[in-house]
Amino acid sequence: MHIVVGRSGGVILITELDATGSPATPTFELPAVNFAQYVRARESASPRWVWDDTAAWYPELLRAGIRVERCHDLRLSHVILCNSAFTAESPLSQSGPHRWDEAAVAHVPAVPTGDTLFDFAAEPDTSSADADGDADSTDSRVEFQRQQQALLSSAETGRLRLLLAAESAGALIAAEMQFAGLPWRTDIHDALLTSELGPRVAYGTRPAKLEALAARIRSLLDNPTLNPDSQTEVLRALKRAGLPVRSTRAWELKEHSHPALVPLLEYKKLSRLLSANGWYWMDTWIVNGRFHPDYVPGGVVTGRWATKGGGALQLPKQVRRAVTADDGWTFVVADASQLEPRILAALSTDLAMADAGRGTDLYAGIVASGVVETRDHAKVAMLGAMYGATSGESGRLLPKLARAYPRALELTEAAARVGERGGVVTTRLGRSSPRPSEDWLRAQAYAYAPEASSADERMARSQAREWGRFTRNFVVQGSAAEWALCWMAQIRKALQKLDAGGAGGADRDPSQSPFSQSPHLVFFLHDEVVVHTPAALAPQVQQIIVDAATEAGRLLFGEFPVDFLLTVATVESYADAK
DNA sequence: TCTGCATGCAGC
DNA sequence: ACGCTGCATGCAGA
């Protein structure tokens with residue numbers, strides 16, 4: 001059963017649909033204050049909630065202590081269906097742009113408590129799209145019908161249905177992870193910063209260790225006024241010291257040797273720590289011992305998640321020590337080993353490559369098959385195949401890989417050729433790549449014009465290859481993102497079931513947060529998840545995560561025999577994983 | 001003074 | 001001439 005919900009002024013409009021998709025009852029209104037109770041009551045029937053934007057609806061339910069099992073996020077689904085090659089003929093994807101194509105409405109973050117920093121979180125969202133008073137429940141219902149119709153008219157209904165369900169589950173998970181937050185010990189974080197940088201100082205001033213390094217750099221470069229934070233000044237000073245560098249990138253500096261480079265590299269490392277995850281970041285993002293990352297599901301063209309603010313997807317290993325489980329709780333951390341190569345093997349039904357990864361590290365398996373000499377070579381060559389390397393070590397190793405795994409390599413080559421011609425490629429479940437820009441198309445067309453110079457032709461060729469590398473990678477990265485969504489959705493479902501059988505079940509105290517007593521996802525990083533769980537349940541959680549990986553593989557690739565191996569660890573601190 | 005772009009680096 | 005990002009910072013031009 002589907003229940004379509006929409007807002008109009010101060011009321012919620014609700015349409016319950018039966019199994020055929022037609023209204024089971026007339027649309028009715030509910031005062032906004034009664035909405036959460038309504039959802040709580042209806043949830044027992046396991047409906048799929050249909051709403052415009054999960055981030056605009058779910059946080060308030062979570063604050064009311066309510067979780068929902070499943071939803072259909074119209075905005076995320078709209079983007080997928082409008083672009084998918086599997087629904088290219090549908091009226092939906094041929095219709096012009098409207099409000100469903102707009103960026104997500106500004107939404108309020110889901111934070112459980114009304115702390116100073118996030119006090120605004122409790123205020124209702126007044127910026128939503130129906131400010132003109134239009135009954136957007138109608139809009140949502142119409143849009144839902146259009147999406148259903150596009151889905152059913154597709155030759156790939158099954159894959160797309162799975163993709164929309166997974167994408168929507170991802171939206172629920174993102175909201176739940178933001179609400180629950182990642183346990184974060186500010187005392188440990190502060191001690192770590194103090195030991196690396198020196199005691200805390202006011203914002204905008206240099207901590208002692210940075211100041212000492214700056215002094216050392218100035219003296220070794222014989223430049224008493226040098227500002228080590230200025231790339232231009234540093235570059236000039238290095239050149240004057242006789243170093244043939246063309247940038248101040250760490251990897252380039254490491255290729256040279258000069259006494260000043262030691263403190264300079266150390267300065268850069270620490271200065272990065274301070275500006276990206278220093279005390280200011282801690283004060284901004286840690287609330288009551290929890291980091292509440294602002295995930296954006298579907299935020300990347302390939303289907304990966306993005307973040308806005310907080311940098312959850314760039315959380316450096318340096319600070320993961322501060323991620324510490326609550327007393328009596330623990331983390332189960334799992335990451336998918338060599339996910340993208342395994343995805344590629346399955347996409348291309350390359351049995352030899354799947355064999356290489358069966359029950360073992362896939363790169364080690366490639367070495368064991370005698371394809372290349374070392375694990376590092378196997379890895380570099382695989383990455384080169386998926387990213388489109390043409391030169392260097394990776395480029396040299398590619399022919400060996402192509403001989404051993406022709407099907408896999410042919411898939412990546414074909415994806416690149418499609419992109420070079422300006423075409424569209426599609427992931428396993430049906431997310432299609434964007435079309436190239438007008439500029440790109442113009443440059444390609446112009447390269448054939450009689451008045452085009454050889455520079456024009458070179459430029460066009462270079463841009464064509466660039467777009468080819470993008471589409472080459474899109475298929476693999478995007479399909480891997482789909483696997484990860486299915487994996488997480490399965491984990492979530494199984495954890496909820498585990499919870500229903502235990503202390504957090506039917507007799508749960510509704511005044512408690514839905515996550516305060518039972519295992520739940522707290523972090524996601526492309527191919528890695530973290531579950532925060534009562535310590536006693538960790539073995540069951542591990543099993544759930546492993547089984548979910550197998551199930552995700554089956555959902556995407558059916559019976560094709562590819563393993564999705566995980567590295568799983570039960571740890572008190574995130575820093576101790578892998 | 002503000003804004004947009006370039007740089008550099010964190011993650012996968 | 002190897003893919004996708006977010007974020008902080010400095011710098012140049014408006």
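Here the structure is a predicted model, which is why all the values come from computation and not from measurement. Chain letters run A, B, ... following the sequence lines, proteins first, then strands; residues in each count from 1.
- Residue Asn277(A) is out of contact with every strand shown, counting any heavy-atom pair closer than 4.0 Å.
- When distances run from any side-chain atom of Ala306(A) to the nucleotides dT5(C), dC9(B), dC12(B), the shortest one goes to dT5(C).
- Rounded to whole angstrom, the span from the NZ atom of Lys268(A) across to the P atom of dT9(C) amounts to 14 Å.
- A side-chain donor-acceptor contact under 3.5 Å links Arg342(A) to the backbone of Asp563(A).
- With the nearest nucleotide of DNA chain C identified for both Glu233(A) and Val300(A), Val300(A) has the one nearer the 5' end.
- The nucleotide whose nearest atom lies closest to any side-chain atom of Gln314(A) is, among dG6(C), dC12(B), dG10(C), dG6(C).
- When heavy atoms are screened at a 4.0 angstrom cut-off, Ala250(A) is found touching the sugar-phosphate backbone but no base atom.
- Using a 4.0 Å heavy-atom criterion, one finds that Val301(A) contacts the sugar-phosphate atoms exclusively.
- Look at CZ on Phe524(A): it is 10 Å from C1' on dC12(B), rounded to the nearest Å.
- Using a cutoff of 4.0 Å between basic side-chain nitrogens and carboxylate oxygens, Arg461(A) and Glu420(A) are not scored as salt-bridged.
- For the residue pair Ser453(A) / Asp456(A), a side-chain donor-acceptor distance below 3.5 Å is found, with atom types taken as modelled.
- Distance, Gln338(A) CD to dC12(B) P: 14 Å, rounded to whole Å.
- Here the nucleotide nearest the side chain of Gln231(A), chosen from dC4(C), dG10(C), dA1(C), is dG10(C).
- Residue Ser462(A) is classed as a base contact, given a heavy-atom separation below 4.0 Å to a base.
- Distances shown here put a side-chain N or O of Arg249(A) below 4.0 Å from the OP1 or OP2 atom of dG8(B).
- At the heavy-atom level, Gly395(A) lies nowhere under 4.0 Å from the strands shown.
- Contact between the side-chain N/O atoms of Ser230(A) and the OP1/OP2 oxygens of dT9(C) is not found at any separation under 4.0 Å.
- Rounding to whole angstrom units, CZ of residue Arg304(A) and C1' of dC12(B) are separated by 5 Å.
- For the pair Leu265(A) CG and dC9(B) P, the interatomic distance rounds to 9 Å; values are reported in whole Å.
- Salt bridge annotation for Arg304(A)-Glu340(A): present, with a cationic side-chain nitrogen under 4.0 angstrom from a carboxylate oxygen.
- At distances below 3.5 Å, at least one donor-acceptor pair connects side-chain atoms of Ser479(A) with backbone N or O atoms of Arg428(A).
- With rounding to whole Å, Leu264(A) atom CG is found 14 Å from dC9(B) atom C1'.
- Counting any heavy atom pair closer than 4.0 Å across all strands shown, Arg320(A) reaches sugar-phosphate atoms only and no base atom.
- The distance between atom CG of Leu235(A) and atom P of dA6(B), rounded to the nearest whole Å, is 17 Å.
- Taking side-chain N and O atoms only, Thr232(A) has a distance below 4.0 Å to OP1 or OP2 of dC11(C).
- Residue Arg469(A) places at least one side-chain N or O under 4.0 Å from the OP1 or OP2 atom of dG3(C).
- Protein atom CZ of Arg472(A) is 11 Å distant from nucleotide atom P of dC2(C), rounded to whole Å.
- Under the 3.5 Å distance criterion, the side-chain polar atoms of Ser168(A) are matched with a main-chain donor or acceptor of Asp73(A).
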